[in-house]
2 protein chains.
Amino acid sequence: MSATIYDVAREAGVSMATVSRVMNDTAVVKEETKKRVLDAIAKLSYRPNAVARGLASKRTKTIGVIVPDVSAAFMAELVRGIEDIANMYHYHIILCNSDGQLDRERDLVGTMWEKQVDGLLFMSPKLRQEHIDTFEEAQLPIVLCRTDDPEKRIPSVNINNKQAAIDVVDYLAAKGCKSIAFVGAKAGLKSLTDERRAGFLQATERNAITSQLIDVPSETYSGALKFLKDALQTSPVRAIVAANDELAIAAEHVAQDLKLRIPEDVMIVGFDNTKLTEMSRPPLTTVAQSMYDYGAVAMRFLTKLLSDEPISTYTVVLPHQILERESTAPKFVK
Amino acid sequence: MSATIYDVAREAGVSMATVSRVMNDTAVVKEETKKRVLDAIAKLSYRPNAVARGLASKRTKTIGVIVPDVSAAFMAELVRGIEDIANMYHYHIILCNSDGQLDRERDLVGTMWEKQVDGLLFMSPKLRQEHIDTFEEAQLPIVLCRTDDPEKRIPSVNINNKQAAIDVVDYLAAKGCKSIAFVGAKAGLKSLTDERRAGFLQATERNAITSQLIDVPSETYSGALKFLKDALQTSPVRAIVAANDELAIAAEHVAQDLKLRIPEDVMIVGFDNTKLTEMSRPPLTTVAQSMYDYGAVAMRFLTKLLSDEPISTYTVVLPHQILERESTAPKFVK
DNA sequence: AAACCTACTTGAGACGTTCCACCCATATTC
DNA sequence: GAATATGGGTGGAACGTCTCAAGTAGGTTT
């Protein structure tokens with residue numbers, strides 16, 4: 001069996017309390033005593049038991065991270081950002097997948113409470129009142145990440161998706177596009193897409209651009225192909241704004257099948273700057289938002305909450321940026 | 001403050017022990033008493049404290065998962081597989097990124113011990129003696145995943161990469177290819193690639209096929225483009241086997257730039273069956289190994305270890321399969 | 001000389017469970 | 001009728017740490 005704090009105390013000829021103080025550096029200990037304790041620790045290769053520590057101190061140095069699905073595009077990058085910062089502040093993360101299902105999400109918040117996590121990082125495709133109630137009940141410090149809370153009830157980190165879509169339309173308008181389509185999941189399913197669509201509609205109207213909405217049943221490559229083909233065949237447009245990169249690539253492929261040249265005949269813009277954008281033909285113009293930073297900022301925010309550091313704003317908005325590639329800008333030919 | 005088991009006991013007029021037995025269903029309790037307890041639990045909305053439980057029972061229902069980098073291609077899928085199965089057996093996972101660095105890995109194993117995890121799932125690009133020593137010291141049930149231990153000292157889950165590469169060459173040979181190139185990182189950097197290359201070399205020799213090795217500095221799309229171009233321009237081959245899908249797509253693009261038709265002029269095969277394979281043009285033939293299953297099987301293995309279920313073999317080898325797509329098979333045209 | 005610091009150190013009660021030893025009826029066996 | 005099971009329950013030590021009130025020794029002030 002492994003050594004306990006009590007063993008170390010006996011070995012060093014001091015009390016448990018002193019050992020504890022040496023370990024946690026929580027009060028002054030005479031240099032000589034300290035050395036005796038450290039020697040004893042080394043000799044017994046003592047490591048503190050974090051569970052006992054958690055019980056006694058009521059802080060577990062553990063953060064619950066609830067995501068819809070780690071394996072979804074770039075979610076892993078976000079999680080990596082979270083983990084890195086967590087680590088920096090000596091936290092660990094318990095990762096849970098909810099598939100965006102309300103029951104599961106509520107369940108997980110409860111279980112995380114049972115595990116006595118110090119805080120929660122929460123991601124969900126759509127935030128409802130039930131979520132808020134659950135959070136209320138759990139009484140845990142929570143930061144929302146990439147999850148829109150229109151009423152700003154919970155601390156959150158987001159980007160301004162609506163503005164980003166507006167920027168994209170303005171960008172395309174400046175290139176002379178007079179007719180633009182937006183492709184994404186039907187309204188009401190995903191907050192992200194809804195916001196982007198709203199920006200799209202607002203900006204097309206303001207710029208007097210003919211707009212068209214292409215609804216797809218699921219925001220995946222294969223799920224979108226057919227709907228895109230139908231839409232593009234019946235009413236050709238000058239540009240396509242896709243709710244994410246995967247859809248944008250589907251749009252590229254459909255356009256190419258219809259013998260349209262990109263970007264000469266039709267321009268295509270995606271969202272999220274996933275790895276796909278570089279690997280598509282032509283490379284995809286997209287709205288970049290660093291997923292890593294997303295997670296990192298959210299986690300840093302949470303650590304501030306946990307250590308009562310002063311907070312300037314409870315709804316952090318991250319910057320975005322249009323990354324121009326060849327799907328909207330003709331390639332420079334030597 | 002939230003209710004404790006003691007509060008519930010008082011409310012129901014029974015002892016703590018009885019409440020515990022109701023919660024854990026660990027012994028018979030009279031129907032009537034049980035009801036009183038359950039009512040009290042509901043009334044006080046009692047939830048057991050997992051930390052206290054962990055201290056008392058010495059089991060935390062938590063698994064440590066150490067990966068080089070969650071955000072690396074498809075690692076997230078693997079983690080998802082782990083999480084799903086963990087969940088099924090009522091475990092949670094603490095996820096840590098090591099970047100494949102030995103010190104960090106050893107550190108993490110130690111911290112996971114402190115956190116009193118019930119077991120460890122470990123992934124690393126290259127296993128060394130120091131790893132084994134660290135595991136030994138930690139005295140934790142450990143399963144290696146996608147991490148080769150040539151001496152089979154630690155329980156592990158893997159696929160037979162060498163055989164997979166042999167299968168690919170045989171497959172191409174059957175299609176009449178007489179000259180095949182292998183593209184991947186230089187020998188000695190990645191165990192995975194080394195194994196695949198070994199299989200490739202063995203099979204090309206056996207089939208009397210002209211083989212060529214294209215070494216790239218990094219196994220990424222952009223990092224490989226130039227080297228592929230140089231290689232394909234100087235010595236045209238009939239087929240390319242890439243160490244992973246990303247490289248295979250780079251190969252596709254380079255071939256297309258050289259006005260080669262795929263698969264008529266050159267066939268291309270990737271490894272891993274990532275999402276990219278479906279989204280490339282033409283869709284990529286690849287060696288499929290479900291990353292999700294990889295994680296799922298490893299986790300299931302660990303649960304068996306943890307509950308002393310009988311184990312048939314300590315080195316699980318997962319099946320692989322060549323998924324034929326249009327990069328090696330001409331499209332059927334209506 | 002009494003009172004008061006300061007610098008260290010101790011003792012033991014939490015923290016919220018699990019689980020073992022034990023108790024008390026009532027029923028069953030020899 | 002004594003011994004033995006069995007169902008249903010109790011009490012409290014143990015798990016390994018933190019933490020706080022309290023203690024000691026030596027010096028300084030009044």
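Below, read A as the first sequence line, B as the second, and so on, with proteins coming before strands; counting in each chain starts at 1.
Within the 4.5 Å cutoff, side-chain heavy atoms of B:L302 are placed close to those of B:L306. Between A:T134 and A:E105 there is no side-chain heavy-atom pair separated by less than 4.5 Å. In this structure, B:S71 and A:F74 have side chains that are not in contact, with every pair of non-hydrogen atoms separated by 4.5 Å or more.
By the 4.0 Å N-to-carboxylate-O rule, B:E130 lies too far from B:R128 to be salt-bridged with it. B:E77 has no carboxylate O lying under 4.0 Å from a charged side-chain N of B:K275, or vice versa, which leaves the two without a salt bridge. Comment: B:R36 does not engage B:D39 in a salt bridge, judged by the lack of any side-chain N to carboxylate O separation of less than 4.0 angstrom. Here B:K152 does not pair with B:D149 in a salt bridge; the nearest charged N to carboxylate O distance is not below 4.0 Å. B:K35 and B:E31 are not joined by a salt bridge, as no carboxylate oxygen comes within less than 4.0 angstrom of a charged side-chain nitrogen. With respect to the salt-bridge test (charged N to carboxylate O, under 4.0 angstrom), the residues B:K61 and B:D118 do not qualify. Look at A:K43 and A:E11 and you find a salt bridge, because one of the NZ, NE, NH1 or NH2 atoms lies within 4.0 Å of a carboxylate O, short of that distance.
Note on A:V51: nothing from the nucleic acid sits closer than 4.0 angstrom, heavy atoms only. Contacts of A:M23 with the nucleic acid, taken as non-hydrogen atoms under 4.0 Å apart, are absent. The residue A:T4 sits close only to the backbone: its heavy atoms come under 4.0 Å of sugar-phosphate atoms, none of a base.
Heavy-atom nearest nucleotides on DNA chain D were determined for B:L55 and for B:K30, and the one closer to the 5' end corresponds to B:K30. Sequence order on DNA chain D of the closest nucleotides to B:A52 and B:E31 puts B:E31 first from the 5' end.
The shortest distance between the side-chain N/O atoms of A:T18 and the OP1/OP2 oxygens of C:dT10 is below 4.0 Å. Remark: B:N49 is not in phosphate contact with C:dC15, judged by side-chain N or O atoms under 4.0 Å from OP1 or OP2. A close approach under 4.0 Å does not occur between any side-chain nitrogen or oxygen of A:R53 and OP1 or OP2 of D:dG16. Contact check, A:K58 against D:dT17: no side-chain N or O comes under 4.0 Å of OP1 or OP2. In this model, the phosphate group of C:dT18 is not approached by any side-chain N or O of B:S57 to a distance below 4.0 Å at OP1 or OP2. In this model, the phosphate group of D:dC18 is approached by a side-chain N or O of A:S20 to a distance below 4.0 Å at OP1 or OP2.
Out of C:dT10, D:dC18, C:dT17, the shortest distance to the side chain of B:A56 is found at C:dT17. Residue A:M16 has its side chain nearest to D:dC18 when only D:dG11, C:dT17, D:dC18 are considered. Checking C:dT9, D:dT10, C:dT18 against the side-chain heavy atoms of A:V29 singles out C:dT9 as nearest. For A:V14, counting side-chain heavy atoms from C-beta on, the closest listed nucleotide (C:dT10, D:dG16, C:dT17) is C:dT10.
Below 30°, between 30° and 60°, or above 60°: for B:Y314 and B:F301 the angle between ring planes is between 30° and 60°, a tilted geometry.
A:R21 has its CZ atom 8 Å from the P atom of C:dT10, to the nearest Å. Distance A:D7 CG to D:dC15 P: 11 Å, rounded to the nearest Å. One atom, CZ of B:R10, and another, P of C:dG16, lie 13 Å apart when rounded to the nearest Å. Atom OH in B:Y6 sits roughly 10 Å away from atom P in D:dG12 (whole-Å rounding). The interatomic distance linking B:E114 (CD) with D:dG16 (C1') rounds to 13 Å, in whole Å. Atom CG in B:D25 sits roughly 14 Å away from atom P in C:dC19 (whole-Å rounding). Atom CZ in A:R59 sits about 20 Å away from atom P in C:dA14, given to the nearest Å. With rounding to whole Å, B:Q116 atom CD is found 13 Å from D:dC15 atom P.
Note on the helix from C:dA1-D:dT30 to C:dC30-D:dG1: angle between the axes of the first and last five pairs equals 50°, rounded to 10 degrees.
Interface residues of residues 32-47 of chain A facing DNA chain C, ordered by number: A:T33; criterion, heavy-atom separation under 4.0 Å.
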